[in-house]
Enquirer: 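Let me begin by handing over the structure; questions about it come next.
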Amino acid sequence: MSTDHHAGLEEVRAVSSSITLIEGQELRYRGINVQELAEHSTFEEVVYLLWYGRLPGKTELTRLTKEIKENSLIPLEVKEQINHIPRQAHPMAALRTLFSSLALYDHEADDNSHDAESRKSVRILARMPVLLTAFERHRKARAAVEPRSDLSLAANTLYMLHGEVPDEVAVKALDTALVLYAEHELNASTFAARVTAATEADMYSAITTALSTLKGALHGGANQKAMEMLLNIGDVDMVPEYIDQLLAKKQKIMGFGHRVYREGDPRVPILKKQAHDLVKAQGYEKYYEVADAIEKYVFEKKKLIPNIDFYSGLTFYALGFPTDMFTSVFAMARTAGWIAHVLEQRENNRLIRPRAEYTGPKDVPYISLEKR
Ligand SMILES: CC(C)(COP(=O)(O)OP(=O)(O)OC[C@H]1O[C@@H](n2cnc3c(N)ncnc32)[C@H](O)[C@@H]1OP(=O)(O)O)[C@@H](O)C(=O)NCCC(=O)NCCS
């Protein structure tokens with residue numbers, strides 16, 4: 001075995017995939033530029049694209065949208081379980097637990113056949129927004145709002161969160177964020193999902209693995225932390241001092257840097273503009289100005305670029321999501337990509353089992369318990 005290894009698996013091509021291409025500063029789902037998708041497509045269209053490899057025709061899109069709506073209700077047992085989750089639990093911990101519980105009530109959970117996997121894909125995607133909004137309402141001691149059959153996934157999410165039908169601007173803003181978050185090649189949570197799927201574990205197990213991995217601050221947890229930093233700084237004049245302090249303490253600036261994009265994250269310009277429009281309309285442009293000042297200062301000091309998690313936070317904030325829910329909104333979107341990867345892994349499966357470069361001692365003599 002080679003004595004060198006790739007720390008963090010950087011640059012390692014661990015699987016072959018036809019889902020997402022990242023080339024320089026370009027991101028494509030199934031070959032289509034994500035900026036075009038964000039502008040012209042809905043999340044549901046992108047889900048179809050990711051799962052089936054091409055954009056849907058009208059009938060196909062209508063069918064998928066209908067199936068998502070018809071499959072969004074969660075089992076009564078899981079509804080009751082929500083009431084037993086401590087209100088102070090982090091939404092990602094609640095989502096991970098509740099999502100895992102869904103498997104217990106799905107009679108096809110352990111059926112890895114293609115047809116069963118297709119049906120489960122819809123059920124899993126459709127129920128994510130219901131779980132995360134129902135938990136949010138539970139912790140605010142408010143009754144859960146049932147999804148409506150005439151609303152898109154983005155609209156239903158906002159409807160179930162606030163109990164009011166959202167306006168078109170809000171729906172488009174969330175939908176765009178969902179499109180941009182839907183998929184991102186072999187990021188940590190997707191890789192984790194594929195590792196689980198490759199053992200022939202069921203789809204629920206693979207997605208539970210992914211949710212657990214996304215929770216971390218270096219991955220999905222970054223959008224919450226980035227927004228908290230913005231709120232803490234609060235004023236453009238405070239930016240240099242705050243950032244200097246973080247850097248002096250060798251702390252990471254959340255929402256900055258990227259393993260793959262070193263020059264710029266192609267999702268950022270779209271989210272940045274959207275965040276600006278939203279916060280301006282709501283009268284708190286000041287947070288946008290702080291964000292912009294952080295971006296400029298961090299680049300000046302460290303040449304680091306903002307990633308998707310930096311500006312998505314402003315969008316979610318403007319849409320009324322509490323900051324600690326941001327990662328679960330990311331999870332809801334990324335479920336589309338996780339499922340696409342599980343389905344692809346099934347097509348040509350091989351157990352994913354790398355090796356470690358051993359760095360411990362060798363030939364250590366065994367000493368019996370009495371002599372230790
Ligand atoms: C995303 C991330 C994990 C990528 O990590 P990585 O590929 O291992 O990055 P590297 O360690 O190669 O970074 C290169 C250098 O930039 C520094 N760096 C990277 N991101 C940084 C950040 N957000 N704040 C401060 N310094 C950072 C590293 O410490 C390293 O410095 P060094 O060479 O002096 O040790 C990392 O940028 C990070 O932790 N960002 C903050 C969390 C975040 O926003 N995550 C969401 C990602 S979409």
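Note that ligands are numbered from 1 as they come in the structure, with each ligand's atoms numbered from 1 the same way. Note that the structure is a prediction, hence the values are computed from the model and not measured. Quick note: residue numbers are just sequence positions, from 1.
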Enquirer: Between Y181 and F316, what is the ring plane arrangement, given parallel below 30°, perpendicular above 60°, and tilted in between?
Expert: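 Ring orientation, 0 to 90° scale: parallel.
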Enquirer: List for me each residue that meets side chain to side chain contact (heavy atoms under 4.5 Å, CB included) alongside S16, sequence neighbours excluded, and say none if there are none.
Expert: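 If we apply the side chain to side chain contact (heavy atoms under 4.5 Å, CB included) test to S16, skipping adjacent residues, there are no hits.
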Enquirer: Name the option, out of L304, I305, V260, that contains the heavy atom nearest to atom 21 (C) of ligand 1.
Expert: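 Among L304, I305, V260, the closest heavy atom to atom 21 (C) of ligand 1 comes from L304.
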Enquirer: Touching ligand 1 at all, H219? Heavy atoms, strictly under 4.0 Å?
Expert: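 Contact check H219 vs ligand 1: positive.
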Enquirer: Do E44 and S152 have side-chain atoms, one donor and one acceptor, less than 3.5 Å apart?
Expert: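 Side chains of E44 and S152: no pair found under 3.5 Å.
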Enquirer: Does a side-chain heavy-atom distance below 4.5 Å link R194 with V342?
Expert: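 Sidechains of V342 and R194: no contact.
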Enquirer: Which protein non-hydrogen atom lies closest to atom 42 (C) of ligand 1, naming both residue and atom, and how far is it?
Expert: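 Its nearest protein heavy-atom neighbour is M254 SD, 3.5 Å.
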Enquirer: Indicate whether any N or O donor in one side chain lies under 3.5 Å from an N or O acceptor in the other, for H341 and E183.
Expert: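 E183 and H341 do have a side-chain donor-acceptor pair below 3.5 Å.
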Enquirer: For atom 34 (O) of ligand 1, grab the closest protein heavy atom and report residue, atom and distance to one decimal in Å.
Expert: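 The protein heavy atom lying closest is K302 NZ, 4.5 Å.
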Enquirer: Any luck finding a side-chain donor-acceptor pair between Q81 and S101 under 3.5 Å?
Expert: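 Side chains of Q81 and S101: pair found under 3.5 Å.
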Enquirer: Tell me, which protein residue and heavy-atom name are nearest atom 24 (N) of ligand 1, and how many Å apart are they?
Expert: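 Ranked first by proximity to atom 24 (N) of ligand 1 is I253 N, 2.8 Å.
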Enquirer: Considering only protein heavy atoms, which is closest to atom 1 (C) of ligand 1, and at what distance to one decimal place?
Expert: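 Sorting protein heavy atoms by distance from atom 1 (C) of ligand 1 puts G257 O, 3.8 Å first.
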Enquirer: Under 4.0 Å from atom 31 (O) of ligand 1, is there any protein heavy atom?
Expert: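 It does not; no protein heavy atom is within 4.0 Å.
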Enquirer: Are V15 and I339 co-members of a hydrophobic cluster defined by side-chain heavy atoms under 4.5 Å apart?
Expert: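 Per the 4.5 Å side-chain linkage, I339 and V15 are not co-clustered.
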Enquirer: Just checking, is any N or O donor in the side chain of H114 or E347 under 3.5 Å from an acceptor N or O on the other one?
Expert: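 Result is no, nothing qualifies.
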Enquirer: For atom 43 (C) of ligand 1, what's the nearest protein heavy-atom neighbour? Residue, atom name and distance, please.
Expert: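 Nearest protein contact, heavy atoms only, for atom 43 (C) of ligand 1 is A222 CB, 3.4 Å.
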Enquirer: Checking contacts now, so for atom 5 (O) of ligand 1, which I'm interested in, is there any protein heavy atom under 4.0 Å?
Expert: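 No, there is none.
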Enquirer: Give a yes-or-no answer on whether the side chains of E164 and Y159 include a donor-acceptor pair shorter than 3.5 Å.
Expert: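 Not at all, the side chains of E164 and Y159 share no donor-acceptor pair under 3.5 Å.
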Enquirer: In the protein, what heavy atom is nearest to atom 47 (C) of ligand 1, and what distance, to one decimal place, separates them?
Expert: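 Ranking protein heavy atoms by distance from atom 47 (C) of ligand 1, first comes N307 ND2, 3.6 Å.
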Enquirer: Name the closest protein heavy atom to atom 46 (C) of ligand 1, giving the residue it belongs to and the distance to 0.1 Å.
Expert: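 The closest one turns out to be D309 OD2, 3.3 Å.
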Enquirer: Can you tell which part of L218 has a heavy atom less than 4.0 Å from ligand 1: side chain, backbone, both or neither?
Expert: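 It is both parts that get close, each with some atom under 4.0 Å.
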Enquirer: Once you measure the plane-to-plane angle for Y284 and Y287, does it fall in the parallel (<30°), tilted (30-60°) or perpendicular (>60°) bin?
Expert: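 Perpendicular, since the angle between the ring planes exceeds 60°.
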Enquirer: What protein heavy atom lies closest to atom 40 (N) of ligand 1? Include the residue and the distance to one decimal.
Expert: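 Heavy-atom neighbour on the protein nearest atom 40 (N) of ligand 1: F256 O, 2.8 Å.
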Enquirer: Any protein heavy atom under 4.0 Å from atom 14 (C) of ligand 1?
Expert: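 Flag for atom 14 (C) of ligand 1 set to false, no protein heavy atom closer than 4.0 Å.
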Enquirer: May I ask you to check whether G255 has an N/O atom sitting below 3.5 Å from an N/O atom of ligand 1?
Expert: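 Yes, since at least one N or O of G255 sits under 3.5 Å from an N or O of ligand 1.
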Enquirer: Evaluating non-hydrogen atoms only, which member of H184, K252, Q251 is closest to atom 29 (O) of ligand 1?
Expert: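 Result: the heavy atom closest to atom 29 (O) of ligand 1 is in K252.
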Enquirer: Is any heavy atom of the protein nearer than 4.0 Å to atom 26 (N) of ligand 1?
Expert: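 Under 4.0 Å from atom 26 (N) of ligand 1, at least one protein heavy atom found.
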Enquirer: I want to confirm something. Looking only at heavy atoms, which of H258, R262, R259 is nearest to atom 10 (P) of ligand 1?
Expert: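 That would be R262.
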Enquirer: Applying side chain to side chain contact (heavy atoms under 4.5 Å, CB included), name anything that partners D235, two or more places apart in sequence or on another chain.
Expert: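 D235: side chain to side chain contact (heavy atoms under 4.5 Å, CB included) contacts with D237, M238.
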